[in-house]
Amino acid sequence: MSQVRVRFAPSPTGFLHIGGVRTALFNWLFARQQKGVFILRIEDTDQSRSTDESIQAIIEGMTWVGLDWDEGPFRQTERMELYRSHAMGLLERGQAYWCACKAEELEARRKEAEAKGLSPKYDGRCRNRNLMNPTGDAALRFKAPQEGETIVDDLIKGRILFDNQVQDDLIILRSNGYPTYNFSVVVDDALMNITHVVRGDDHLTNTPRQIPIFLALGFPVPHFGHLPMILGSDKTRLSKRHGATSIMAYKDMGYLPDAMVNYLVRLGWSHGDQELFSRQELIEKFSWKNVQTSAAVFNPDKLLWLNAEYIKTSPPSEVAQALVPLLDGAGLKEEAQAVSPDWLAQSVVLVKERAKTLVEMVDWVRPYLGQAVTYDEEAAKKFLTPAIEPALGKLLACFEAFPAFSKQQWEGAFKQVVEEEGMKMGQLAQPVRVALTGRTASPGLFEVMEVLGRDRTLLRLRQGIERASRS
RNA sequence: GUCCCCAUCGUCUAGCCUGGCCUAGGACAUUGCCCUUUCAAGGCAGUAACACGGGUUCAAAUCCCGUUGGGGACACCA
């Protein structure tokens, strides 16, 4: 069999949607598995809705999730001659005809038909008029077959039959000369030698419209596969009402691209009970057979869990790298620049068990940047009291006696102070925690000290003692 | 209205094709317990589903038909 060629063909009418990313992902996985070609094509034939910013957003989004393409991005607006010449070919062969019906008239007739409970399809009044389009304002319609049936052997849903009687004579060239979607996709998929057209479920009924056009044009018909939709929590089509739908919004919210990919692929595809997959595993294990046939509800909770998993298990240096833009965004640019990548990776290790997103991680990491610490007032009031001052002073003296930080030695000293003072661990730990981090919740105290280093630990301890004596 | 798709815990799903191993498995969420210097993380346990009705069969979550419910498409949008 010839080489697999698949494509992702979004229209640039807004940001890149997570549903689009999932469609792209399935195509990409298949292409990579089959050592095929993945093509990015921008469907921008709707002049009024397409924007360059949207094209940038698509490229940015695809790049962020790491879905690289082998050919393109192609833009349909750069291929107008192709569509026109193929449309004229159909006209010459009697497989298309000029239609002089005005858009408003069609709209009115459609409404009327609907009101009567009839099918809103085109009544075919120009079908046999053999118009010439002298004034140049007619639209070109495809002469769709009206008998028999069109078979779609769907990669995911299996064989589906469509009665040709319900098929419409679609407009393939608008009166302004631009092709319509159902025509330009066919020409492009054919000319780009696409072997498998995999797209959203919402295109399923377009397929029996497009197959006759492939046939009329004399092109081989590709395989088709229709992915089930992603729904919101109320089981309606996913939209802004359900929360963020732009892929880049998830970057800003502190999600890792690998977590995003893992979540999206499991939404509609499975491999037994496995939940976590590396990219390589996905490429190896992906199969159309295991793609779900029914729609799936987008579950932000599970995505969050997956992100936490990836934060915990990804190489800390990579997480640290991804964290930098978020640090910048939180107004910690200078602080972030002042530390080494290694140190940042070390603090990622310190807090990665507690942060479910990079945004949360910024907050966890904040106390370890800079010399002094900002107290949570409530915490300071509760734990940095005059009563604790002697114990803190004693601890400080012990630590000062050590020339360098050693987890084992410092922890031993800490326990000794606790014992001598007749305290419980927590009674000393919490004040120290507040002195060191400003908060009542933090990673293990001695891990914190290690990241802080001897000097800052002692500095903050002294400041904590001072605060305790003042209150 | 017409056409098409779909239907297992609240959610994502395994099982369905090739009926019996299913007193239906896993994951997220949720509840309880354990661990514990705090917060997490982790460990253990629990609650929770075959939409309904008919067939076929010794046997149906699995095959067939119908009903209901959900989704999608019917543009000079894509």
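All chains are named by letter (A, B, ...) in the order of the sequence lines, taking the proteins before the strands, and each is independently numbered beginning at 1.
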Distance, rounded to the nearest Å, where A/Glu43 contributes CD and B/A75 contributes P: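 Taking atom P of B/A75 as the reference, CD of A/Glu43 is at 19 Å.
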
Quickly work out the A/Leu445 CG to B/A40 P distance and round it to whole Å.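 Whole-Å distance recorded here is 16 Å.
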
Which base, if any, makes a Watson-Crick or G-U wobble pair with B/U30, both distances under 3.5 Å?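 Paired with B/G46.
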
Need the pair for B/C3. Rule: Watson-Crick or G-U wobble, both distances under 3.5 Å, any strand; none if unpaired.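 Base partner found: B/G72.
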
Just checking, is any N or O donor in the side chain of [X] or [Y] under 3.5 Å from an acceptor N or O on the other one?
X        : Y        : value
A/Tyr97  : A/Asp169 : yes
A/Asp44  : A/Thr77  : yes
A/Tyr83  : A/Asp188 : yes
A/Glu147 : A/Asn164 : no
A/Arg199 : A/Thr207 : yes

On the side chain of [X], is there an atom forming a donor-acceptor pair with the base of [N] - under 3.5 Å, no angle test?
X        : N     : value
A/Ser175 : B/C76 : yes
A/Arg433 : B/U37 : yes
A/Asp202 : B/A78 : no

Positions of residues 405-414 of chain A (non-hydrogen atom under 4.0 Å from RNA chain B), listed by number: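 Residues of residues 405-414 of chain A under 4.0 Å from RNA chain B: none.
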
Quick one, A/Leu106 and A/Tyr122 - any side-chain contact, counting heavy atoms below 4.5 Å?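 When only atoms from C-beta onward are counted, A/Tyr122 and A/Leu106 do touch, with a gap below 4.5 Å.
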
Touch class at under 4.0 angstrom, heavy-atom based, for [X] against every strand present:
X        : value
A/Cys99  : nothing
A/Arg237 : sugar-phosphate
A/Lys356 : sugar-phosphate
A/Glu149 : nothing
A/Thr180 : sugar-phosphate

Can you tell whether the side chains of A/Lys312 and A/Glu309 come within less than 4.0 Å, N to carboxylate O? yes

A/Phe224 and its side chain to side chain contact (heavy atoms under 4.5 Å, CB included) partner, picked from A/Leu204, A/Asn206, A/Ile156, A/Ile211: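 Of A/Leu204, A/Asn206, A/Ile156, A/Ile211, side chain to side chain contact (heavy atoms under 4.5 Å, CB included) with A/Phe224 is met by A/Ile211 alone.
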
Mapping A/Gly426 and A/Lys102 onto RNA chain B by nearest heavy atom, which one lands closer to the 5' end?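 Going by which nucleotide is closer to the 5' end, it is A/Gly426.
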
Hey, mind stepping through A/Phe26 and A/His196 against ring-ring contact (aromatic ring centres under 6.0 Å, His included) and telling me if it holds? CA-CA 11 Å; A/Phe26 283 133; A/His196 302 255; over 10 Å; no

Can a donor-acceptor pair be found, under 3.5 Å and without considering hydrogens, that links the side chain of A/Arg456 to the backbone of A/Tyr368? yes

Given B/C28, B/C39, B/G71, which nucleotide is nearest the side-chain atoms of A/Ala441?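 Of B/C28, B/C39, B/G71, B/C39 is nearest to the side chain of A/Ala441.
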
So if I take every side-chain heavy atom of A/Arg354 and compare against B/C39, B/C28, B/G71, which nucleotide ends up nearest? B/C39

Across nucleotides 1-17 of chain B, 5' to 3', mark each nucleotide with B, S or - according to how protein heavy atoms within less than 4.0 Å reach it. B--SSSS---BBSS---

Between B/A40 and A/Lys312, is there an OP1 or OP2 to side-chain N/O distance shorter than 4.0 Å?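 So the side chain of A/Lys312 is outside the cut-off, no N or O lying under 4.0 Å from OP1 or OP2 of B/A40.
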
Any A/Arg110 side-chain nitrogen or oxygen under 4.0 Å from OP1 or OP2 of B/C76: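 Affirmative; the distance criterion is met.
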
